[in-house]
Structures are given as C-alpha cells and as structure tokens.
There are 2 protein chains.
Amino acid sequence: MPGNTSSKRTQKTNCLIEKMGYYLDLSDPDIAHLASLQKHEQTWRQRDIVRESGAPADLLYVVKSGWCYSYTIMVDGRRQVLQIHHPGDVIGIPDVAYERAVTGLQAATDICLCPFPKNRLDEIFRDSPRLTALIMTLGMMDHVVLLDRIRTIGRMNADERVAHFLLEIVSRLRITSSDITDTFDLPLSQELIGDALGLTNVYVSRTMSLMERAGLIQRMDRAIRICDERALKDMADFQDRYYRIDTSWFPGGTAPALEPNT
Amino acid sequence: MPGNTSSKRTQKTNCLIEKMGYYLDLSDPDIAHLASLQKHEQTWRQRDIVRESGAPADLLYVVKSGWCYSYTIMVDGRRQVLQIHHPGDVIGIPDVAYERAVTGLQAATDICLCPFPKNRLDEIFRDSPRLTALIMTLGMMDHVVLLDRIRTIGRMNADERVAHFLLEIVSRLRITSSDITDTFDLPLSQELIGDALGLTNVYVSRTMSLMERAGLIQRMDRAIRICDERALKDMADFQDRYYRIDTSWFPGGTAPALEPNT
DNA sequence: CGGTACTTTGACCGACATCAACAAGCGTGG
DNA sequence: CCACGCTTGTTGATGTCGGTCAAAGTACCG
C-alpha cells in the first residue's frame, strides 16, 4: 500500500497509483508498471515552462507533486488555459496523436514531474489490457471534462463559470485526498483562472468578491472554503465526472488482471 | 442499402474504413473488424433525437451517412453544441467511461448510423493492438479538436470563431472526400452554428454576412465557398488537426499489422 | 394555403473588457 | 534592515461586442 504521510495533499508516495487504485483494483504487475513510469523525476520552479507548444511530443509526464497547466497562446498574445494538472495526473495523452506538442505546459507552483517516453505506453498496451482500458478511460474522462468546459465557457456567465471551476477542482482533489471536505488551497492566480474560463483577471476578482459577499465561498489567503456547495452546484449545473466511472466493460471483469493472453 | 440518393459526398460504400485507411494501412482482419461494426444500421430523420443525454451509454455509433451533433442543454434551456459528427466518425468514445451518456445526440440531416455495443471494443483491444492504437488516436484527435474549440470560444471574437468553424469543417470533409477543394454543402442552421460557437443565431447571421461582403466566403443556398482560405486561416490562427497524425509509435511499425504478439 | 423553420435587419441594452491607479505581499540584493 | 522590483489583487470609469427583442421576408412542406 502506498504510504500515508501526514501531509494534506501532494506528498503521497505515489499519486498515480493512488489515483488509479481509486478506480480499480490493481494487480502487482500493474503496480510495477505504473511505478516504473515514475523512475525519473525532475523539478521545476513556479512559472517555469516545462514544454513549449510545438516542441517534439515524445514525452508524457506523471505529476508527482505541485500543480501545472496546459495552455495555448494566440498570435496577439492572449492566452487560453486548457487544463489544470494535479498530482496523479498523466499529462500529454492527446499529444500522443501528433509529432509535436499541441499545448504548452507551465508550472503553476513548484512541481515535480516524472517524464517518460510515449512508446512506453506501447508496453502497457501489450502487457496489460486492463491497465490499457483504465488509461483510455482516464483519457476519456479528460475528454468529458473538456466538454463540460466548453459548455461552461460557451453558455455560462462569469459567476457560473467560476462556480463550476471551483467545484471541478474540489472534486478532483477529493479523489486523491479523501480528507478534503470544503476547504482547499488554490495556488492559481486570478489571471490564470480567467485565462482558463475565458474571462479577465479583473472580472474574476469582481466575481469572486461578489461570491464571497454572497456567502457562497470564503477566502483566507490562497485557501478557498466552499460555504454553500449545494447553491454553487445548482448555479453551475455541476456534475462530478471524477467520482464514479464505468469499469464493467474492462477486460478481466473486476478482479485483478489475469495473465495476459493465452 | 438505405435509400441511395444521388448525393456526391456521403454515399461511399464504407466511410469508416475509408477514413481509417486514410491514416493507416489496414490488414484484412482489421478491415473485417471494422466492417463488422457496421452490420446493423438505422436511419433517423432530420431533427430526430438519436439518444438523450443521461440515457444508458451502452452503444457507440458509426456515422454512415448524414451529419449529426452532440449537445447539452442547460437548465434554462440554452444549448451548447459540442461536436459535429460526419460520415466515418465513431460517436461516443468518451461515453465509454461512464454508465450514462454525457451528451445528447441529434440528427442535423437525415442520417444513417450503425450502432454497436461498447463491449465490442473489448474484442478489438484483444485482437488488434494496431487497430486499438488507431482508435485511441482518433479519440485523441477529437480531444485536440476540443482544445481548439475551447481556445476559439474562450478567446476569439465572433468572426474568428466562424472562420475557424468553417475551416475545421472543410478539413474534416477533405479526409473522406478528396474532391472537395473550396466549396461544400453546409447543412447546419445558423442557430446550430451559434450553439456550437457560443453565439446567437442573430450574430452568426450578421457575421457571415459581413464575411461574405468582405469577400472571404460566398454563400449559394446552403453551399459555402471558401474564397480566401489564407486570410481565414490567418484570422482564426487555424491548424489542421486532421491532415496528419503520428503513427510511428504504433505496434507493428508502419507496415500493415503483423500477427499480434510474440 | 397555412404552418413551421430559417434568415435577415434594426433598435436597444448589458455583461464583460479595457484602461488605469493603487495597495499589499514577497523575494532579492544592497 | 530597508529599498526596490515584481507579481498579484482590488476598485473605479468608460467602452464595446455580442445578446435580446421584435418584425418582416423567404423557403419548404403537408
């Protein structure tokens, strides 16, 4: 069993295995596989650029600690933040389809990532159909989260967007940190949040101030407390995409993976 | 055969195989697999709802002819169109992760789809790692297209959004119809386009009129002619995600699939 | 012919952007 | 220890892009 430190969020010995294990019973070989993806690790400081958009897309990354984000820059300099990556996430699955990275990758806090070459996926595909299915499923979850994001940006106004954003973050954190209830640290600038939601930093500030005054949330330093989760969920029409997935179709039933083929 | 119109575009004998074959040399067993997914077919009339959001997500669909789209409805009745599906597309890969469908699915034109149960994917995973990789890759392409969409909706103004939208459609059509150069039929109402781009039908109308007056596009009935593709690409910062993918990491090299494993 | 779906155009309005100024916190270097 | 720059958050004044509402025109279809 992956160890349990006393730290609140990031310092689990192995976030990836913990996250995967949340969804599925992992066999020993599967655990070994996952662990081997994290042999090499590398750290970056806050605001460091891990990978530029357009760079060769030969690496994937497992987030070991800290937060980072994928983004694109428009010709006129505007930025769109596409995804926030938390400990336990595998970054870059979509880039696998292309020779060059579609998005940039930047550190939101000091981070530790474990890069691994994308052809390592190939091994997993051969050795463990069950792990393959899980990795695919995690990719599809990301996909669905993007659909939610499109809906949010395309058809919701500022306060609904912010509410949705906060709820998504909490849901995500709750997977790997079951002790999180309503308060969490949000190490993201309002400019970043704005760039994720298609708003400006100024309007994010106004919106969050209003939400706080309305008693929906509370802010202490960079920590956020969700005061009225029910109300937030209602206003943002929020669905938790992280809580539960369908593993019924996975090869090998719900038991740990059997020996691969014949 | 479902009624055969004289139409020039959709009535290829097998769009899925054609599209897959565009990216990869397919082995005979692979072709057989793909063909078997399309044994059953079913037709819907324009505006019919194929599947409601929240329905059991046990089926995937291959589009045989016609256009349809995925969407979500907000509590206040507003709609966000998430994806347009063309002949050859596989619909519902992301729904595989969940027990219930995340999006609704509706016919934009009269359509013919081939539904197949999602556990059929399981077979493919076992039998053909190469086809597995391709299906995953197609899923990731969709993913990347969604990233583009987020960028478009989040940070671009109306004319840039429309330009991007049109270019994406042409790129997509060009995969399965190499004869399309600059003119194509666009069987989508402006309301639908607006719902896809986070705009209103009114403003889509205004925008397209302006673009026509500016000589960027030309409209005859429902057909669109891209008059100045260069200019459109520049204004929308458009990247073609469909033209070329990376298959170098696929199992079995670039040759037609070898016998699986060992 | 009447009904429905779709497009177009005009008048008006509002949500959010833009610009700008200020304050607070923090790391760095003297 | 203070000074400085940098990043971040807040608040106000003003502007604009796209929404809303409404009406009229057109095409299609039963």
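Computation of the quantities below employed the complete heavy-atom set of this structure, encompassing side-chain atoms and omitting hydrogens, waters and symmetry-equivalent molecules. To find a chain, count down the sequence lines: A is the first, B the second, and so on, and within it residues start at 1.
- For the OP1/OP2 pair of D/dG9 and a distance below 4.0 Å, the side-chain nitrogens and oxygens of A/Ser205 include no atom meeting the criterion.
- The two residues B/Cys68 and B/Val63 have their closest heavy-atom pair at SG-CG2, 4.5 Å.
- Going from atom CD of B/Gln190 over to atom C1' of D/dG19 covers 16 Å, rounded to whole Å.
- Among the heavy atoms of the strands lying under 4.0 Å from B/Val202 is at least one base atom, whether or not backbone atoms are also near.
- Within 4.0 Å of A/Gly198, counting heavy atoms only, lie sugar-phosphate atoms of the nucleic acid but no base atom.
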B/Phe184/B/Ile226 under side-chain contact (heavy atoms from CB on, under 4.5 Å): CA gap, chis, key distance, verdict: CA-CA 9 Å; B/Phe184 62 99; B/Ile226 307 284; 4.1 Å; yes
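- For CD of A/Gln239, the number of neighbouring non-hydrogen atoms (other residues, nucleotides, ligands) closer than 6.0 Å is 12 at most.
- Each of B/Val204 and A/Asn201 has a nearest nucleotide on DNA chain D; the 5'-most of these lies closest to A/Asn201.
- The nucleotide whose nearest atom lies closest to any side-chain atom of A/Ser189 is, among D/dG19, D/dT8, D/dT11, D/dT8.
- Residue B/Thr200 places at least one side-chain N or O under 4.0 Å from the OP1 or OP2 atom of D/dG19.
- What you find for B/Ala108 and B/Leu188 is that their closest heavy atoms are CB-CD2, 3.8 Å.
- Only at 4.0 angstrom or more do the heavy atoms of residues 210-224 of chain B sit from any atom of DNA chain D, so none qualifies.
- Straight-line distance from the CZ atom of B/Arg155 to the P atom of D/dG18: 13 Å, rounded to whole Å.
- Recorded end-axis angle for the helix from C/dC1-D/dG30 to C/dG30-D/dC1 stands at 40°, based on five pairs per end and rounded to 10 degrees.
- Side-chain atoms of A/Gln42 never come within 3.5 Å of backbone atoms of A/Cys112 as a donor-acceptor pair (strictly under, hydrogens ignored).
- When atom types are taken as modelled, the side chain of B/Arg51 and the backbone of B/Thr103 share a donor-acceptor pair closer than 3.5 angstrom.
- B/Asp195 has its CG atom 11 Å from the P atom of D/dG19, to the nearest Å.
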side-chain contact (heavy atoms from CB on, under 4.5 Å) between B/His164 and B/Leu232, intermediate numbers included: CA-CA 8 Å; B/His164 191 100; B/Leu232 288 174; over 6 Å; no
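- At least one donor-acceptor pair closer than 3.5 Å links the side chain of A/Gln80 to the backbone N or O of A/Asp195.
- B/Arg47 comes within contact range of the sugar-phosphate backbone alone, with a heavy-atom separation under 4.0 Å but no base atom that close.
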side-chain hydrogen bond (donor to acceptor under 3.5 Å, both in side chains) evaluation trace for B/Thr176 with B/His86: CA-CA 10 Å; B/Thr176 43; B/His86 304 266; over 6 Å; no
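- Here the P atom of nucleotide D/dT20 and the OH atom of B/Tyr203 are 13 Å apart, to the nearest Å.
- With a heavy-atom cut-off of 4.0 Å to chain B, the contacted part of DNA chain C has its first and last nucleotide at C/dA5 to C/dA11.
- At least one donor-acceptor pair closer than 3.5 Å links the side chain of B/Asp95 to the backbone N or O of B/Val102.
- Remark: the backbone N or O of B/Arg78 is paired with a side-chain donor or acceptor of B/Asp76 at under 3.5 angstrom.
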